[in-house]
Amino acid sequence: MTNKMWGGRFSSKTDTLIEKINASIKFDYRLAMHDIDGSIAHVNMLADCSIIKKKEAKQIILGLEEIRKEILEDKFEYKIELEDIHMNIESRLTEIIGPVAGKMHTARSRNDQIATDVRLYLNETINEIIVLIKDLQKDLSQKALSNFDTIMPGYTHLQIAQPITFGHHLLSYVELFNRDKLRFLDSLERLDECPLGAAALAGTSYPIDRFLSSKTLGFSKPMANSLDAVSSRDMLLETLSNLSILSVNLSRLAEEIILWVSSEFNFVCLSDNLTTGSSIMPQKRNPDGAELIRSKAGRVIGSLNTLFIVLKGLPLAYSKDLQEDKEPLFDAIDSVNLSLKVMTIIIKDIQPNKDIMLQAAKKGFAIATDIADILVQELNIPFRESHKIVGSIVAYAEKRNKNLEELDIADYKELDQRITIDLVNKISFDTIIHNKLSFGGTSPQNVNKEAKKWLKRLNV
């Protein structure tokens with residue numbers, strides 16, 4: 001027996017393998033609520049335009065609400081032979097209210113139906129992601145405020161470069177994730193158009209009101225071109241692109257946490273409930289949460305690449321290839337949602353080992369650049385000349401196994417007679433870190449102010 005929804009011109013049953021590859025119900029079931037919402041809006045519009053009778057619309061809507069209840073109560077039976085969520089719902093509606101259910105599909109196609117469902121889903125999901133990003137920003141800002149004066153080494157090339165504050169480092173991710181948030185917010189504007197009523201590809205001869213159904217569903221307007229409405233998937237590409245960028249940023253923070261908790265760094269510690277053990281090495285405490293956040297970035301980027309490849313050779317309008325858009329989308333969203341939640345509890349829990357951070361910041365001649373700046377200001381010499389002098393000072397200290405703070409006036413005089421005791425007295429680790437007062441700088445004063453500003457901005 002062929003599929004009752006489209007099998008009128010077919011004389012034999014679909015091969016089981018074709019049926020299997022053709023079915024999407026195993027993943028598009030999660031669009032059920034959006035599909036019901038879209039159908040209710042469409043049916044109300046059909047009734048308002050006198051395309052179907054008001055009592056028929058009421059009958060259909062009552063049936064759809066009964067199906068909604070069945071799904072929410074986990075009593076709805078999904079059938080693979082009905083292919084997708086649309087036909088599963090319509091088939092069940094027919095069982096409940098009879099042939100009048102067939103009028104629900106007047107003036108629409110599964111092509112515009114799925115495009116509408118996905119846009120409704122994306123609008124809901126993106127707003128959820130925005131909230132999760134904001135939650136992470138809050139915890140990063142709070143942790144930064146608690147550590148506005150906690151000194152740690154800043155790195156370039158993973159080599160100690162200059163001292164910074166832990167709070168400053170954390171606030172850099174607040175800024176980074178804020179741009180992720182803004183990208184998602186911006187994408188909502190391009191999602192705010194409704195494909196419903198575009199039908200298969202050419203629109204319809206029924207006197208429908210697409211503006212009415214768009215408004216009912218919360219869209220600002222219908223999509224202006226019926227071909228574009230059913231075949232475009234750039235909104236999925238944009239979402240996956242934004243998810244990929246976000247997952248890369250999460251991965252970078254995860255990598256730093258993995259380094260920081262290692263025995264070699266020992267900058268921070270995590271509670272037992274956020275680490276895991278080894279089946280063979282009883283001493284191990286592994287930061288598996290951070291490691292999996294790092295690895296999921298590859299999975300999300302893979303989802304983006306999958307959709308790029310699916311779309312790159314498709315002519316307009318709809319092709320069944322487009323069914324392959326949803327699994328990578330759903331998987332990427334699930335991965336990022338989980339990663340954001342896990343990263344948030346890690347940041348809330350993480351505790352810096354302040355003394356170890358401070359001692360590490362004093363290694364590697366981290367204040368060399370600041371000494372060069374002091375020489376420029378005090379001796380009125382070009383920075384390049386100062387850079388050369390400090391390079392020789394570093395080499396001198398290295399040979400004697402001393403930190404730059406440990407050198408005295410005699411040491412400096414041996415290298416350059418212009419250096420005075422007043423100048424040497426300014427070479428203080430604490431003074432140097434507090435002097436980073438330029439806008440965006442790492443001074444504790446700046447960090448304290450910025451952390452409070454972010455917490456206020458994030459409505460804490």
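Nothing fancy with the numbering, it's 1 onward along the sequence.
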Checking side-chain polar atoms at under 3.5 Å, does Thr276 have a donor or acceptor matched by the opposite partner on Asp288?
yes

Without swapping roles, check the side chain of Asp321 against the backbone of Val310 for a donor-acceptor pair under 3.5 Å.
no

Does either side chain, that of Asp139 or that of Thr344, offer a donor lying less than 3.5 Å from an acceptor on the other one?
no

Taking ring-ring contact (aromatic ring centres under 6.0 Å, His included) as the definition, give me every residue that meets it alongside Phe219, ordered by chain and number, with sequence neighbours left out.
none

Atom CG of Asn425: over 12 foreign heavy atoms under 6.0 Å:
yes

Can a donor-acceptor pair be found between the side chains of Lys452 and Asn448 at a distance below 3.5 Å?
yes

The complete set of salt bridge (charged side-chain N to carboxylate O under 4.0 Å, His left out) pairs with one or both residues in residues 140-162, sequence neighbours excluded, reads none

Can you tell me if Lys320 and Gln323 form a side-chain donor-acceptor pair at under 3.5 Å?
yes

Check the side chains of Tyr173 and Gln137 for a donor-acceptor pair under 3.5 angstrom, ignoring hydrogens and angles.
no

Would you tell me whether Asn249 and Asp180 have side-chain atoms, one donor and one acceptor, within less than 3.5 Å of each other?
yes

Would you say Lys181 and Asn178 are linked by a side-chain donor-acceptor pair, where the criterion is simply a distance under 3.5 Å?
yes

Under the side chain to side chain donor-acceptor pair (under 3.5 Å) rule, collect the residues that match up with Glu405, sequence neighbours excluded.
none

Cut-off 3.5 Å, side chains only: do Arg108 and Ser39 have a donor facing an acceptor?
yes

Tell me whether Lys221 forms a cation-pi arrangement with Phe211, defined as NZ or CZ under 6.0 Å from the six-membered ring centre and within 45 degrees of its axis.
no

Leu132 and Glu128, any side-chain heavy atoms less than 4.5 Å apart
no

Test item: side-chain donor near acceptor, His42 and Gln113, under 3.5 Å
no

Within 45 degrees of the ring normal and closer than 6.0 Å to the centroid, is that where the cationic atom of Arg400 sits relative to Tyr396?
yes

When you compare the side chains of Glu256 and His169, does any donor N or O come within less than 3.5 Å of an acceptor on the partner?
yes

